[in-house]
Amino acid sequence: MTALIHQFVNATDAESPLDIRPIAGRIGAEIRGIRLGGDLDAVTIAAIEAALNRHKVIFFRAQHLSDAEHEAFAALLGKPIAHPTVPVAEGSRYLLELNSREGHAASSWHTDVTFVPAYPKASILRALIVPEAGGDTVWANGVTAYEELPAPLRTLVDGLKAIHSNDYDYAAVLGRSAEVLEEHRKVFTSTIYETEHPVVRVHPETGERSLLLGHFVKRFVDLNVADSQRLFAILQDHITKPENVVRWHWQAGDVAIWDNRATQHRAVADFGIQRRHLRRATIAGDVPRGIDGTESRAIKPQATAPAIAA
Ligand SMILES: O=C(O)CCC(=O)C(=O)O
Ligand SMILES: [Fe+2]
């Protein structure tokens with residue numbers, strides 16, 4: 001069994017037991033003919049993980065999972081974890097609620113929860129209610145973005161580190177009423193986190209190098225805020241150019257799983273006041289390493305000093 005599972009780690013689509021249909025040229029595939037849930041066998045899970053490593057985000061139509069099925073399936077991919085500051089969705093054990101009634105959505109490019117060191121390795125998002133038109137989600141491939149950087153920029157980022165924090169400009173990201181915004185910010189920042197990550201992360205399973213940035217970045221280490229902002233814009237432009245991106249038009253019941261170690265994503269907030277309701281399961285990840293093997297480290301909250309025995 002183990003040998004068979006390992007065979008899938010680098011499997012091509014043709015070798016996979018799954019029906020995999022790539023969508024964009026560099027990222028994203030739909031997987032057909034499978035029903036997700038907590039009862040999938042180890043070979044199928046290994047094949048899903050291999051497809052995820054290869055395509056970075058994978059889509060499954062018409063799953064219509066319950067909260068319990070969503071959570072049971074997530075547990076087969078690793079250790080499900082709740083968001084560090086946002087309370088779990090009602091009736092669930094660790095799902096994150098994304099329920100928009102005011103046209104708001106997470107509409108700026110990010111990787112989930114990068115303000116902590118061991119941020120999630122994968123997220124599993126399911127659509128419950130979707131707008132008639134609009135409300136798509138887009139994902140960008142951080143690996144092809146890195147590979148495509150001109151050599152001088154690659155040299156620049158190879159040794160660079162960035163500070164990520166959940167204390168950032170919520171208005172720029174969410175853009176809704178001041179009151180709701182403030183409420184939202186309060187919940188999100190009930191604890192302030194700051195983490196130093198390498199800008200180039202080496203993927204622990206594929207060995208691929210990818211750009212690790214997104215909207216939680218505050219600044220680059222040893223650069224001031226003005227230079228940081230300009231460099232950030234240059235790099236984000238490379239990551240999010242259409243060639244590196246896939247766009248998914250949701251139908252109720254769909255599931256998307258992304259490799260949060262190699263991608264960024266954002267919602268497209270073009271659906272006015274139509275209802276849009278999704279729930280996300282999140283899988284624990286490991287501490288990133290840069291090209292030279294250096295690990296990410298927490299800056300805030302500071303580790304509490306060990307108690308001194310009196
Ligand atoms: O609402 C969306 O399309 C994306 C939400 C998001 O950022 C997430 O689920 O992590
Ligand atoms: Fe997200």
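Both ligands and their constituent atoms are indexed starting at 1 by order of listing.
Annotation: ligand 1 has protein neighbours Leu98, Ala106, His110, Asp112, Leu125, Thr137, Trp258, His265, Ala267, Arg276, Arg280, each with a heavy atom less than 4.0 angstrom from the ligand.
Only protein atoms were considered; those of element N, O or S under 2.8 Å from the Fe ion (ligand 2) number 3.
In this pair, His215 and His110 present their aromatic rings parallel. The plane angle is below 30°, not in the 30 to 60° band. Note on ring orientation: taking the six-membered ring where Trp is involved, the planes of Phe115 and Phe216 are perpendicular (angle over 60°, cut-offs 30° and 60°).
Leu153 and Tyr146 fall within the same hydrophobic cluster, defined by Ile, Leu, Val, Met, Phe, Trp and Tyr side-chain heavy atoms under 4.5 Å apart, directly or through other members. Neither Leu77 nor Trp258 shares a network with the other; the hydrophobic side chains, linked directly or stepwise wherever heavy atoms of I, L, V, M, F, W or Y lie under 4.5 Å apart, form separate groups for each. Transitive grouping of hydrophobic side chains (ILVMFWY, heavy atoms separated by less than 4.5 Å) keeps Leu128 and Leu36 in distinct clusters.
For the residue pair His265/Asp112, the side-chain donor-acceptor check at 3.5 Å is satisfied.
With a 4.5 Å cut-off on side-chain heavy atoms, Thr282 and His83 do not count as touching. With contacts defined as side-chain heavy-atom distances shorter than 4.5 Å, the pair Lys56/Trp139 does not qualify. Residues Leu125 and Leu98 meet the side-chain proximity criterion, which asks for heavy atoms closer than 4.5 Å.
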